[in-house]
Amino acid sequence: MIRLLQDRFLGVYSPSPGTIYPRLARLEEEGLVTHEVVDGKKVFSITDKGRDELNSRLDELADLEQEITDSVRDIAREVKEDVRETVKSLREELTAMARDVKRNSREQQGPPISGG
């Protein structure tokens with residue numbers, strides 16, 4: 001579930017087990033999910049009561065989905081702008097370094113020798 005949420009948020013947010021497991025325990029107490037242990041891992045399943053709850057709150061879920069999508073889009077836009085600025089700055093630094101190397105190379109060679 002943690003990986004699914006991390007993927008859903010495009011890696012921008014990754015919930016901790018301390019966030020997820022208490023919520024799953026509460027949902028289980030409310031009869032909205034159940035779990036079984038498979039190969040030493042808890043596998044959660046939604047109950048009929050949980051499905052009814054989801055169906056009754058589809059509008060809220062759609063609004064939440066839109067908020068998440070907008071938020072992730074805004075964060076991605078900010079990251080893209082940051083990367084663009086970083087690349088621009090790096091390009092400027094590399095250009096300046098290349099000029100310095102070229103200038104230093106000319107200075108080390110000294111003035112051209114004229115023959116006669």
Side-chain angles (χ1 to χ4, degrees):
M1 181 172 284
I2 291 172
R3 268 188 252 122
L4 290 172
L5 287 169
Q6 186 176 15
D7 291 347
R8 182 70 187 111
F9 284 97
L10 303 176
V12 174
Y13 169 73
S14 179
S16 69
T19 301
I20 296 298
Y21 290 110
R23 285 183 169 80
L24 285 171
R26 191 177 77 228
L27 292 172
E28 193 166 20
E29 287 171 11
E30 294 173 5
L32 303 174
V33 299
T34 60
H35 84 272
E36 59 180 317
V37 178
V38 177
D39 296 328
K41 296 182 180 181
K42 283 186 178 181
V43 177
F44 288 84
S45 301
I46 191 167
T47 63
D48 289 338
K49 183 179 176 183
R51 278 188 197 82
D52 291 342
E53 180 73 17
L54 279 175
N55 287 330
S56 72
R57 301 175 80 174
L58 286 177
D59 290 341
E60 290 176 54
L61 290 172
D63 290 344
L64 181 60
E65 178 78 16
Q66 188 60 52
E67 286 178 35
I68 290 169
T69 300
D70 292 345
S71 178
V72 169
R73 189 177 296 124
D74 290 344
I75 292 168
R77 187 178 310 116
E78 289 174 18
V79 168
K80 184 178 176 180
E81 290 172 11
D82 287 347
V83 168
R84 185 176 288 135
E85 286 299 316
T86 300
V87 168
K88 180 181 174 188
S89 176
L90 179 61
R91 199 175 282 137
E92 290 169 356
E93 288 179 35
L94 289 172
T95 301
M97 287 174 61
R99 258 187 260 128
D100 290 346
V101 166
K102 200 173 187 179
R103 185 178 333 111
N104 289 339
S105 175
R106 275 190 247 131
E107 289 173 0
Q108 287 177 357
Q109 289 176 359
I113 301 174
S114 56

Q: For residues 13-23, which residue pairs pass the salt bridge (Lys or Arg N to Asp or Glu O under 4.0 Å) check, not counting sequence neighbours?
A: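 Qualifying pairs, neighbours excluded: none.
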Q: Among all residues two or more places apart in sequence or in another chain, which pass the side chain to side chain donor-acceptor pair (under 3.5 Å) test with Arg77?
A: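 For Arg77 the side chain to side chain donor-acceptor pair (under 3.5 Å) partners, ignoring immediate neighbours, are Asp74.
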Q: Restricting to salt bridge (Lys or Arg N to Asp or Glu O under 4.0 Å), what partner residues turn up for Glu92, sequence neighbours left out?
A: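 Partners of Glu92 by the salt bridge (Lys or Arg N to Asp or Glu O under 4.0 Å) criterion come out as none, since no residue qualifies.
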Q: Please name all residues satisfying side chain to side chain donor-acceptor pair (under 3.5 Å) with Asn55, sequence neighbours left out, ordered by chain then number.
A: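 Asn55 satisfies side chain to side chain donor-acceptor pair (under 3.5 Å) with no residue once adjacent residues are dropped.
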Q: Please round to the nearest 0.5 Å and tell me the distance separating atom CD of Glu67 and atom OG1 of Thr69.
A: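 Result: 10.0 Å between the selected atoms.
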Q: If Ile, Leu, Val, Met, Phe, Trp and Tyr residues are connected whenever their side-chain heavy atoms lie under 4.5 Å apart, and connections chain through other members, are Val72 and Leu64 in the same group?
A: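 In one cluster: yes.
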Q: State plainly whether one hydrophobic cluster holds both Ile75 and Val83, where clusters connect Ile, Leu, Val, Met, Phe, Trp and Tyr through side-chain heavy atoms under 4.5 angstrom apart.
A: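 Both belong to a single hydrophobic cluster.
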Q: Under the ring pair (Phe, Tyr, Trp, His ring centres under 6.0 Å) rule, what pairs show up with a residue in residues 64-102, not counting sequence neighbours?
A: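 Passing the test, one end in residues 64-102: no pairs.
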Q: How would you list, by chain and number, every residue that makes a side-chain contact (heavy atoms from CB on, under 4.5 Å) with Ser14, sequence neighbours excluded?
A: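 For Ser14 the side-chain contact (heavy atoms from CB on, under 4.5 Å) partners, ignoring immediate neighbours, are Ile2, Gln6.
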Q: Can you list the residues that meet the salt bridge (Lys or Arg N to Asp or Glu O under 4.0 Å) rule with Asp100, with sequence neighbours excluded?
A: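 Checked Asp100 against salt bridge (Lys or Arg N to Asp or Glu O under 4.0 Å); matches are Arg103.
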Q: Consider side-chain contact (heavy atoms from CB on, under 4.5 Å). Of Arg91, Glu85, Arg84, which one does Val87 pass it with?
A: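 Single side-chain contact (heavy atoms from CB on, under 4.5 Å) partner of Val87 among Arg91, Glu85, Arg84: Arg91.
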Q: Which atom pair, heavy atoms only, marks the closest approach of Pro22 to Pro17?
A: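 Closest heavy-atom pair between Pro22 and Pro17: CD-O, 3.6 Å.
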Q: What pairs with Asp59 under salt bridge (Lys or Arg N to Asp or Glu O under 4.0 Å), at least two apart in sequence or on another chain?
A: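 Once residues adjacent in sequence are excluded, Asp59 has no partner under the salt bridge (Lys or Arg N to Asp or Glu O under 4.0 Å) criterion.
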Q: Quick one: side chain to side chain donor-acceptor pair (under 3.5 Å) partners of Thr95, sequence neighbours excluded?
A: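 With neighbours one apart ignored, the set is empty.
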Q: Can you tell me how far the CG atom of Leu27 sits from the NE2 atom of His35, to the nearest 0.5 Å?
A: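 Reported value, rounded in 0.5 Å steps: 13.5 Å.
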Q: Going by distance alone, is a donor N or O of one side chain under 3.5 Å from an acceptor N or O of the other, for Thr19 and Ser16?
A: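 Distance-only check passes for Thr19 and Ser16.
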Q: Determine which pairs satisfy ring pair (Phe, Tyr, Trp, His ring centres under 6.0 Å) with at least one residue from residues 53-106, sequence neighbours left out, and list them in order.
A: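 Counting only pairs at least two positions apart or across chains, no ring pair (Phe, Tyr, Trp, His ring centres under 6.0 Å) contact touches residues 53-106.
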Q: For Asp39, what residues pass the salt bridge (Lys or Arg N to Asp or Glu O under 4.0 Å) criterion, not counting sequence neighbours?
A: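 Not a single residue meets the salt bridge (Lys or Arg N to Asp or Glu O under 4.0 Å) criterion with Asp39.
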Q: Show which side-chain atoms of residues 44-54 pair as donor or acceptor with protein atoms under 3.5 Å away, not counting sequence neighbours.
A:
{"residue": "Thr47", "atom": "OG1", "partner": "Gly31", "partner atom": "O", "Å": "2.6"}
{"residue": "Thr47", "atom": "OG1", "partner": "Leu32", "partner atom": "O", "Å": "3.1"}
{"residue": "Thr47", "atom": "OG1", "partner": "Lys49", "partner atom": "N", "Å": "3.4"}
{"residue": "Thr47", "atom": "OG1", "partner": "Gly50", "partner atom": "N", "Å": "3.0"}
{"residue": "Asp48", "atom": "OD1", "partner": "Arg51", "partner atom": "NH1", "Å": "3.3"}
{"residue": "Lys49", "atom": "NZ", "partner": "Glu30", "partner atom": "O", "Å": "2.9"}
{"residue": "Glu53", "atom": "OE2", "partner": "Arg57", "partner atom": "NH1", "Å": "3.1"}

Q: Let me check something: do Ile68 and Leu61 share a hydrophobic cluster, defined by ILVMFWY side-chain heavy atoms less than 4.5 Å apart, either directly or through other members?
A: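 Looking at the clustering, Leu61 is in a separate group from Ile68.
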Q: Judged by modelled atom types alone, do Asp70 and Gln66 share a side-chain donor-acceptor pair under 3.5 Å?
A: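 Yes, a side-chain donor-acceptor pair sits under 3.5 Å.
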